[in-house]
There are 2 protein chains.
Amino acid sequence: MERNDTEGQLLNFRKTLEQIIPLSDSEWKMISRKFNLMEAPKRTQLTKEGQIATSIYFINKGLLRIFYTKEDVEITGFIFSEGLFASCYESFLLQTKSNQTLETLEDCVLLTIDHSELQTLYKEVPALNIIGRVVAEQRFINGQRILSSHLLDSPEERYRQFSDQYPGLLMRVPQHIIASYLGITPVSLSRIRKRISRK
Amino acid sequence: MERNDTEGQLLNFRKTLEQIIPLSDSEWKMISRKFNLMEAPKRTQLTKEGQIATSIYFINKGLLRIFYTKEDVEITGFIFSEGLFASCYESFLLQTKSNQTLETLEDCVLLTIDHSELQTLYKEVPALNIIGRVVAEQRFINGQRILSSHLLDSPEERYRQFSDQYPGLLMRVPQHIIASYLGITPVSLSRIRKRISRK
DNA sequence: AAAGGACGTTAACAATTGTAAAGAAATTAC
DNA sequence: GTAATTTCTTTACAATTGTTAACGTCCTTT
């Protein structure tokens, strides 16, 4: 970044929160004080498998993913883009060892808070419980949609929907990562792309 | 039921809520007043595809499932048992038309509240936002675990885990419903069971 | 008791995916 | 700028699943 424009990063964050519920200036002050601005270069592992997720990360800029490791193969569970809270959410919520790794796919600008600070904030700013609830609800809905597409759609349909829905990610994310996110192998995704391009 | 033991059903409900956060008697009174006890016979459709989910249902007794319909085939998305809040959750949260049906698999005893009453309650009893947040978080975690098993495990492994984790459901739920929940056809599940029994 | 429907199994075949290996293309590192 | 690595594609083969249909069993209904 050119220079320290923490203010601008925070304003963007406030705008996102206020899409859920308006915040008074004093509430916002208490919240913004607890979040820390941080930059993480590409391929940084913010939470590693086997560790407890200490923090969640609001994405101001960049791309992250969570992945599982199965027999030395990395299988992507989700891809986070700007405006979302990235985390190994289960580990963060339950404060138990994570079975997934949170990793940046690009250089990122993040706002971060750790678990105990957040618990304090929930008490200081009750309105934050509503935000926490809505964020959890949104993540549930997201997961639900992905799961249903695994139940209802073939890998080919799933790839079509992914390209329609996130055309930008096709350009920003390596294909073998997209493949595992769709629940297939890179080889199979390559075949599917060939099949589609012939039509 | 033998007779009207609404009290007993409510106490069970209170115990479940208080596992999340203690409630004062006055908070509990406000909450319990808004929930309605209801019985629903087997195969009742509480929310139908295309409708907006008006209510959520705490399960005191019985079993429910949500299912999608794809080309006249019913595909089960989740099975709810005692102690959970059953609902077409996305439709309920967003108050949009549901793409899934909520149906009882057994005769059920339920405690129910509709969407607008719940919004009122959130305002009257702020502690309920914590419960709402934790319930959403739990549902997220649940969905996440199911999704990861679709990414990581073969159908056979998924069936093994299901039988280990919910041995009771194997007896209570027809196999073709379990099959679609696992993301496979009844024929394939039958083959898997045969393969396993040979070992 | 008989008829009908729902449920589970089995079989045969087609389609798709996984696996392993090789090579081409693109990116990254030095 | 060249080497090294990563990424993507292609091929051939094996394994699994989907599809359709037939059959037997169990349960429900009349």
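In what follows, every chain begins at residue 1, and chains take the letters A, B, ... in the order their sequences are listed.
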Problem set entry | Salt-bridge contact B:Glu74-B:Arg65 (side-chain N to carboxylate O under 4.0 Å) | yes

Exercise. Roughly, in whole Å, what's the span from CG in A:Leu189 to P in D:dT7?
Worked result: 14 Å

Exercise. Distance check: side-chain N/O of A:Arg195 vs OP1/OP2 of C:dT17, anything under 4.0 Å?
Worked result: yes

For this session: May I ask you to decide whether B:Arg14 forms a salt bridge with B:Asp25, counting only side-chain N to carboxylate O separations under 4.0 Å?
Result: yes

Exercise. If you measure from the Lys or Arg side-chain nitrogens to the Asp or Glu carboxylate oxygens, is any gap between A:Glu157 and B:Lys70 under 4.0 Å?
Worked result: yes

Exercise. Between A:Asp153 (CG) and C:dT16 (C1'), how many Å, whole number?
Worked result: 16 Å

Exercise. Can you check the A:Arg191 CZ to D:dT10 P distance for me, whole Å?
Worked result: 11 Å

Exercise. Only one of A:Tyr89, A:Phe92, A:Phe140 clears ring-ring contact (aromatic ring centres under 6.0 Å, His included) with B:Phe140; which?
Worked result: A:Tyr89

Problem set entry | Protein-nucleotide distance (A:Lys70, atom NZ; C:dG18, atom P), rounded to Å | 13 Å

For this session: State whether B:Glu106 and B:Lys42 are salt-bridged, where the test is any N-O pair (Lys NZ or Arg NE/NH1/NH2 against Asp/Glu carboxylate O) under 4.0 Å.
Result: no

Seminar exercise, completed: Here the distance between atom P of D:dT28 and atom CZ of B:Arg43, to the nearest Å, is 12 Å

Exercise. With a 4.0 Å cut-off on heavy atoms, is B:Ser188 in touch with a base, just the backbone sugar-phosphate, or nothing at all?
Worked result: sugar-phosphate

Exercise. Any side-chain N or O of A:Arg193 under 4.0 Å from OP1/OP2 of D:dT9?
Worked result: yes

Exercise. How long is the line joining NZ of B:Lys194 and P of D:dT16, in whole Å?
Worked result: 14 Å

For this session: For C:dT28, take OP1 and OP2 only and decide whether either is under 4.0 Å from a side-chain N or O of A:Lys42.
Result: yes

Problem set entry | Ion pair check, B:Glu90 and A:Arg145, cut-off under 4.0 Å | yes

For this session: Assess B:Arg172 against B:Tyr166: is NZ or CZ under 6.0 Å from the centre of the six-membered ring, and within 45 degrees of the ring's axis?
Result: no

Seminar exercise, completed: note: A:Ile192, atom CD1; D:dT9, atom P; distance rounded to Å ~ 12 Å

Protein and nucleotides 22-27 of chain D: nitrogen or oxygen contacts under 3.5 angstrom:
none

Exercise. Listed in order of residue number, which residues of residues 173-187 of chain B have a non-hydrogen atom at under 4.0 Å from DNA chain C?
Worked result: B:Pro174, B:Gln175, B:His176, B:Val187

Exercise. Between A:Arg160 and A:Asp153, is the closest basic N to carboxylate O distance under 4.0 Å?
Worked result: no

Exercise. Should A:Leu170 and A:Phe80 be counted in the same cluster of Ile, Leu, Val, Met, Phe, Trp and Tyr side chains packed under 4.5 Å apart?
Worked result: yes

For this session: Calculate the interatomic distance between A:Tyr159 atom OH and C:dT17 atom P; express it in whole Å.
Result: 14 Å

